[in-house]
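Here's the structure, in structure tokens; my notes come after.
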Amino acid sequence: MISFSFDLSDNQLSFGLMRWEPVPGAEPHDFRCVEATPVAGHLLGIPIESLPDQRLRSLLPDAADTLAQDWQRVWHRNGTSRLDLFYHHPHETTGHWLELTAARTDTCLLVTLHDITDRIAGLHTLQDKLNTTIQQQQQQHAYQQALLDGAINGIVSHNAIRNTDGKIVDFGFLSLNKAAETLIGRTISDLAGHTMMELFPGNKELGLYDMYVQVVETGVPDRTEVYYKGDGLDFWIAVSAVKQGDGFVVTFVDITEARQTRQKLEFMVQQLRRSNDYLQQFAYVASHDLQEPLRKIHAFGDVLQKQFGSVLGEAGNDLIGRMQKASGRMQTLVKDLLAYSRLNTQPKSAAAVDLNLLFAEILNDLELIIQEKQARIQVAPLPLVGGSLTQLTQLFVNLLSNALKFHKPDQPPQVIISGTVVSGRDLPDLKALNAHQQYVCVEVSDDGIGFDQRHSERIFQMFQRLHGVTKYTGTGVGLALCKRIVENHGGWITVRSQPDQGTTFTVYLPVEINDELLF
């Protein structure tokens with residue numbers, strides 16, 4: 001026990017003095033200031049009258065854990081403690097260095113405070129040592145932080161073992177956490193005195209050892225997934241390695257269950273694709289097989305009408321006419337179904353598509369029907385888009401044909417086609433789109449008969465028609481085909497409409513697309 005006798009009101013001392021006592025029952029440990037000299041108040045930037053009853057953790061929060069631990073040791077073991085602290089009080093612009101030394105007296109802990117800023121600034125010869133100490137502290141802190149952050153994963157710290165030429169020949173074990181002990185079934189005492197290649201040679205066979213060497217030599221982190229079977233282990237693991245000093249820290253987690261689930265999903269996807277291929281082949285073959293009898297029905301109907309029309313009379317000719325119309329509708333339906341099935345069987349290739357040229361070709365192909373209906377088509381300048389030229393042509397032919405078909409009977413149709421580039425983040429209502437992707441937005445608007453907006457989802461379903469077949473031709477497949485094409489490109493299609501107010505179809509297509517997206 002050390003005895004001191006100081007007058008703490010003495011303002012002539014060149015250093016600060018403070019008396020502290022432990023706070024009973026405080027968790028975590030804390031100390032209370034009993035008394036302090038004016039110099040101590042000056043160094044801490046706090047009026048002397050405000051220091052008594054101040055708690056260590058509120059007065060010096062950044063260093064409280066270290067000081068409380070050291071002071072607790074001094075209090076119980078009658079030793080001493082010294083800590084250099086960089087302190088910055090509210091009225092100071094640059095801060096200063098303080099040396100805090102603690103020793104126990106009969107009744108309290110006596111702490112001296114020295115301003116050592118000038119000493120620190122002048123210790124040029126000790127700068128290297130100071131930098132090394134700081135670096136070691138930072139490395140230790142980073143390692144401890146890594147342990148805390150990855151506590152649910154296994155974490156093992158290794159040091160490099162080098163030969164006389166400086167080449168890494170093995171790795172030793174420095175530490176591991178509880179999760180690592182559970183995963184590998186060994187404790188740090190089991191690993192002590194052994195190397196990686198002695199206990200876990202499988203690291204070499206799986207390429208993990210070479211990855212660790214690369215991480216240590218280059219400082220570039222790396223990660224991988226491997227199936228580790230051997231050395232008493234049997235699991236899939238995801239491994240991440242980061243350089244730490246002349247060694248590395250490896251973080252790993254058991255992903256066996258996730259890997260097995262992924263394999264099951266991949267198998268199911270393969271089965272689904274195989275089943276889908278069978279369905280596509282069936283639809284393609286069935287559509288072709290249906291075409292021939294329909295052509296014969298149509299042809300025989302023409303023969304009947306031409307050769308025996310006068311014999312059959314008005315009623316017979318009417319029946320043949322109905323038969324011809326029915327077979328014609330059936331042929332159209334088969335062709336539409338064939339086109340729908342071909343989306344997954346035709347070759348897929350993505351390229352930049354000039355929508356201006358595409359619509360010029362479409363308008364040229366539809367020239368006769370446009371002239372017949374005296375339609376007015378206005379096409380604004382359109383941007384480039386990535387995708388399949390064949391599928392995009394089919395998409396916009398269907399949309400433009402719809403606009404020409406469902407016009408008001410007493411006036412020629414008017415159609416406006418416009419486009420712009422938008423960001424996915426500006427389309428929050430369309431959650432199917434990627435917020436980080438740029439999209440070409442194309443609108444096809446008409447002034448036709450329109451429909452009730454509550455049917456906006458229904459019209460994209462197969463065989464759904466809002467108007468009778470006798471008034472408007474069609475099979476109910478065209479818009480389903482459009483939706484399928486847009487989704488194939490990773491885009492989205494919406495529609496706005498009101499009865500007698502026209503209809504606007506809006507298509508969102510990614511500016512850039514790759515072949516893999518065209519499934």
Contacts satisfying salt bridge (charged side-chain N to carboxylate O under 4.0 Å, His left out) that involve residues 80-90 (not counting sequence neighbours) are Arg82-Asp84, Arg82-Glu99
Trace of the side chain to side chain contact (heavy atoms under 4.5 Å, CB included) decision for Val422 with Gln438:
CA-CA 6 Å; Val422 297; Gln438 294 287 102; over 6 Å; no
Close side-chain approach of His29 and Gln69, heavy atoms under 4.5 Å
no
So CZ of Phe505 and CG of Asn398: to nearest 0.5 Å the spacing works out to 10.0 Å
- Expected output: side-chain Asn177 to main-chain Asn153 donor-acceptor under 3.5 Å: yes
For Ser58 and Pro61, the nearest pair of non-hydrogen atoms, with its separation, is O-CD, 3.7 Å
Asp234 meets the side-chain hydrogen bond (donor to acceptor under 3.5 Å, both in side chains) criterion, sequence neighbours left out, with Tyr227, Lys229
Verify side chain to side chain contact (heavy atoms under 4.5 Å, CB included) between Thr506 and Cys441, making sure each step is shown before the conclusion. CA-CA 7 Å; Thr506 305; Cys441 171; 3.5 Å; yes
Across all chains, not counting sequence neighbours, the side-chain hydrogen bond (donor to acceptor under 3.5 Å, both in side chains) partners of Thr256 are Asp254
_Tyr439 side chain to Asn434 backbone, donor-acceptor under 3.5 Å_ = yes
Thr504 meets the side-chain hydrogen bond (donor to acceptor under 3.5 Å, both in side chains) criterion, sequence neighbours left out, with Ser445
With a 4.5 Å heavy-atom cut-off, do Phe235 and Tyr228 have their side chains touching? yes
Can you tell me if Asp30 uses its side chain to pair, donor with acceptor, with the backbone of Arg57 under 3.5 Å? yes
Correct closest heavy-atom pair for Glu198 and Gly193 would be OE1-O, 4.2 Å
- [ ] Answer yes or no: is there a side-chain heavy-atom contact under 4.5 Å between Thr224 and Leu208?
- [x] yes
Correct closest heavy-atom pair for Leu43 and Gly16 would be CD1-N, 4.2 Å
Under 4.0 Å between a Lys/Arg side-chain N and an Asp/Glu carboxylate O for Arg484 and Glu487?
no
So CG of Leu44 and OG of Ser50: to nearest 0.5 Å the spacing works out to 11.5 Å
task: Please lay out, stage by stage, how Asp222 and Tyr212 fare under the test side chain to side chain contact (heavy atoms under 4.5 Å, CB included).
output: CA-CA 8 Å; Asp222 203 353; Tyr212 299 150; over 6 Å; no
Across all chains, not counting sequence neighbours, the salt bridge (charged side-chain N to carboxylate O under 4.0 Å, His left out) partners of Arg186 are none
Nearest heavy-atom approach of Asn78 to Trp75 is OD1-O, 3.9 Å
Sequence neighbours excluded, the answer for side-chain hydrogen bond (donor to acceptor under 3.5 Å, both in side chains) partners of Glu217 is Arg162
Across all chains, not counting sequence neighbours, the side-chain contact (heavy atoms from CB on, under 4.5 Å) partners of His76 are Gln72
* Side-chain donor or acceptor of Thr80 paired with backbone N/O of Ala102 under 3.5 Å -> no
Does the side chain of Met18 come within less than 4.5 Å of Leu109's, by heavy atoms?
no
field: Note, Val239 side chain near Met211 side chain (heavy atom, < 4.5 Å)
entry: yes
Looking only at heavy atoms, the pair that brings Phe86 and Thr94 closest together is CZ-O, 3.3 Å
The salt bridge (charged side-chain N to carboxylate O under 4.0 Å, His left out) partners of Asp190 (sequence neighbours excluded) come to none
Quiz item: Hey, does the side chain of Asp170 reach the backbone of Met197 with a donor-acceptor pair shorter than 3.5 angstrom?
Solution: yes
Discussion item. Side chains of Leu355 and Val385, heavy atoms from C-beta outward: is any pair under 4.5 Å?
Written reply: yes
Quiz prompt | Side-chain heavy-atom pair Lys243, Thr218 within 4.5 angstrom cut-off | solution = no
Residues at least two apart in sequence or cross-chain that pass salt bridge (charged side-chain N to carboxylate O under 4.0 Å, His left out) with Arg496, listed by chain then number, are Glu443
Q | Main-chain N/O of Lys167 paired with Asp165 side-chain donor or acceptor, under 3.5 Å | A | no
Problem set entry | Ile155/Leu176 under side chain to side chain contact (heavy atoms under 4.5 Å, CB included): CA gap, chis, key distance, verdict | CA-CA 6 Å; Ile155 303 175; Leu176 71 163; over 6 Å; no
Residue set satisfying salt bridge (charged side-chain N to carboxylate O under 4.0 Å, His left out) with Arg454, at least two apart, ordered chain then number -> Asp452
When every non-hydrogen atom of Leu98 is compared with those of Leu113, the smallest separation belongs to CD1-CD2, 4.3 Å
Quick note, ring-ring contact (aromatic ring centres under 6.0 Å, His included) partners involving residues 171-203, not counting sequence neighbours, are His158-Phe173, Phe171-Tyr209, Phe171-Phe248
**side-chain hydrogen bond (donor to acceptor under 3.5 Å, both in side chains) between Thr390 and Ser388, worked out** = CA-CA 5 Å; Thr390 302; Ser388 164; 4.6 Å; no
Problem - Close side-chain approach of Val507 to Leu395, heavy-atom, < 4.5 Å - result: yes
Across all chains, not counting sequence neighbours, the side-chain contact (heavy atoms from CB on, under 4.5 Å) partners of Ala238 are Arg223, Glu225, Val253, Ile255
